[in-house]
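Below is one structure, written out as structure tokens, with a few remarks after it.
Keep in mind it's a predicted model, so treat the numbers as computed, not measured. Throughout, residue positions are numbered sequentially from 1 according to the sequence presented.
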Amino acid sequence: MATTTPNLNTIFEALPAVTKLHGRVEKHGRRVSSSNSSTITCLIHKKDEQVHQGHATRRVVIGLTSVALFANSATGNSVAEDNGFWITGPLPVPHANNNINNEETGTRSFLKKGIYIANIGTKGRMQRLRRYAFDLIAMADLIAQQDAWNYVRRYLRLKSTFMYFDFDEVITAAPVDEKQPLTDLANRLFDTFEKLEGAVRKQNVPQIESCYQASTAVLEEVMRRMA
């Protein structure tokens, strides 16, 4: 932003000069444009002249401001590329490095594709796991509303996908003696997510309530573990 300000100042300092380029209006409503090769005279109403000048001035300001802003875009991009939040190509396809998939399917049914998960570090991922666990526990009111089940399923898939890849990174960064307990906790959590997601899809009320209670108990354990 510091490099952009001088360019903007230059633009606004040049505005008085820009307004003089539209020609002059004579007393009888005639506008004469100055040119070395020819002179063009036409009748124009004074109010129309003011509107024309206003529109032209705004177009010039917008155009010059765009040049000033994008002149420094290369520098901004190079800085953003280093912070883990800037993507210069296609969305990367994340994958788990630890044994947290369903043993029968080799994946997890709730995983949502096409989501970019920024690298926010191990502590950031632990904080997000704790916050998302709290968010999913708070779905109790929605679980009781049949007309909200489609929303519940989509919300569950979105949160679960982030938690799945966050858990994988937390396990990878954990000390050796903590890796297996975290892996077991993740598998218990994702097993309950798959069952809950399947129950909501089938709209099986008793199974939804049972799976939600089971997932809530594991989510509370996740919150304690990530505190």
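The number of heavy atoms from other shown groups lying within 6.0 Å of CD (E103) does not exceed 12. The 12-atom threshold is not exceeded at NZ of K195, counting heavy atoms of other residues, nucleotides or ligands nearer than 6.0 Å.
When side chains are defined from C-beta on, T122 does not count as touching E169, because their heavy atoms never get closer than 4.5 Å. Looking at heavy atoms from C-beta onward, M163 lies out of side-chain contact with V170 at the 4.5 angstrom threshold. Counting heavy atoms from C-beta on, the side chains of L142 and W149 never come closer than 4.5 Å. Looking at T107 and N102, their side chains never come closer than 4.5 Å, going by heavy atoms from C-beta outward. Considering only heavy atoms from C-beta on, L185 comes within 4.5 Å of R225 through its side chain. By the 4.5 Å heavy-atom criterion applied to side chains, Y155 and L136 are counted as neighbours. Counting heavy atoms from C-beta outward, N101 and T105 have side chains that stay 4.5 Å or more apart. In this structure, the side chains of V200 and L156 stay at 4.5 Å or more apart for every pair of heavy atoms.
Between D191 and R108, at least one side-chain nitrogen of the basic residue sits less than 4.0 Å from a carboxylate oxygen of the acidic one, meeting the salt-bridge criterion.
Note that CZ of R128 is 12.0 Å distant from CG of D135, once rounded to the nearest 0.5 Å. In this structure, CG in L196 is found 8.0 Å from OG in S160, a value given to the nearest 0.5 Å. In this structure, the separation between CE on M226 and NZ on K123 is 14.5 Å, given to the nearest 0.5 Å. Remark: Y132 OH to Q127 CD distance equals 11.0 Å, nearest 0.5 Å. Note that CG of L111 and OH of Y164 are 5.5 Å apart. Values are rounded to the nearest 0.5 Å. The line from CZ of F162 to CD1 of I117 is 5.0 Å long, rounded to the nearest 0.5 Å.
Residues forming a side chain to side chain donor-acceptor pair (under 3.5 Å) with R157 (at least two apart in sequence, or on another chain): none. Applying the side-chain contact (heavy atoms from CB on, under 4.5 Å) criterion to F134, with sequence neighbours excluded, gives M223. Residues satisfying the salt bridge (Lys or Arg N to Asp or Glu O under 4.0 Å) test with D184, not counting sequence neighbours, are none. Every residue two or more places apart in sequence or in another chain that forms a salt bridge (Lys or Arg N to Asp or Glu O under 4.0 Å) with E221 is listed here: R188. Listed by chain and residue number, R153, R201 satisfy the salt bridge (Lys or Arg N to Asp or Glu O under 4.0 Å) test with E197 (two or more places apart in sequence, or in another chain).
For A173 against K179, the heavy-atom pair with the smallest separation is N-NZ, 4.3 Å. Summarising the geometry of A174 relative to E178, their closest heavy-atom pair is CB-CB, 4.2 Å, with the distance given to 0.1 Å. In terms of heavy atoms, N99 sits closest to T183 at O-CG2, 3.5 Å.
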Please table the atom pairs, donor to acceptor, closer than 3.5 Å between any side-chain atom in residues 205-217 and protein atoms at least two apart or in another chain.
| from | atom 1 | to | atom 2 | distance (Å) |
| --- | --- | --- | --- | --- |
| Q207 | OE1 | N204 | ND2 | 3.4 |
| Y212 | OH | I137 | O | 2.4 |
| Y212 | OH | A140 | N | 3.1 |
| S215 | OG | C211 | O | 3.2 |
| S215 | OG | Y212 | O | 2.8 |
| T216 | OG1 | Y212 | O | 2.8 |

Is there a side-chain contact (heavy atoms from CB on, under 4.5 Å) between E220 and R224? Walk through the geometry before answering. CA-CA 6 Å; E220 291 174 349; R224 291 192 298 269; 4.0 Å; yes
Kindly determine whether F110 and F190 satisfy ring-ring contact (aromatic ring centres under 6.0 Å, His included), including the steps that lead there. CA-CA 9 Å; F110 53 76; F190 299 141; 5.6 Å; yes
Could you give me the CA-CA distance, side-chain angles and deciding distance for F167 and V222, then say whether side-chain contact (heavy atoms from CB on, under 4.5 Å) is met? CA-CA 10 Å; F167 240 122; V222 171; 4.2 Å; yes
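Using modelled atom types, no side-chain atom of N98 and backbone atom of I171 make a donor-acceptor pair closer than 3.5 Å.
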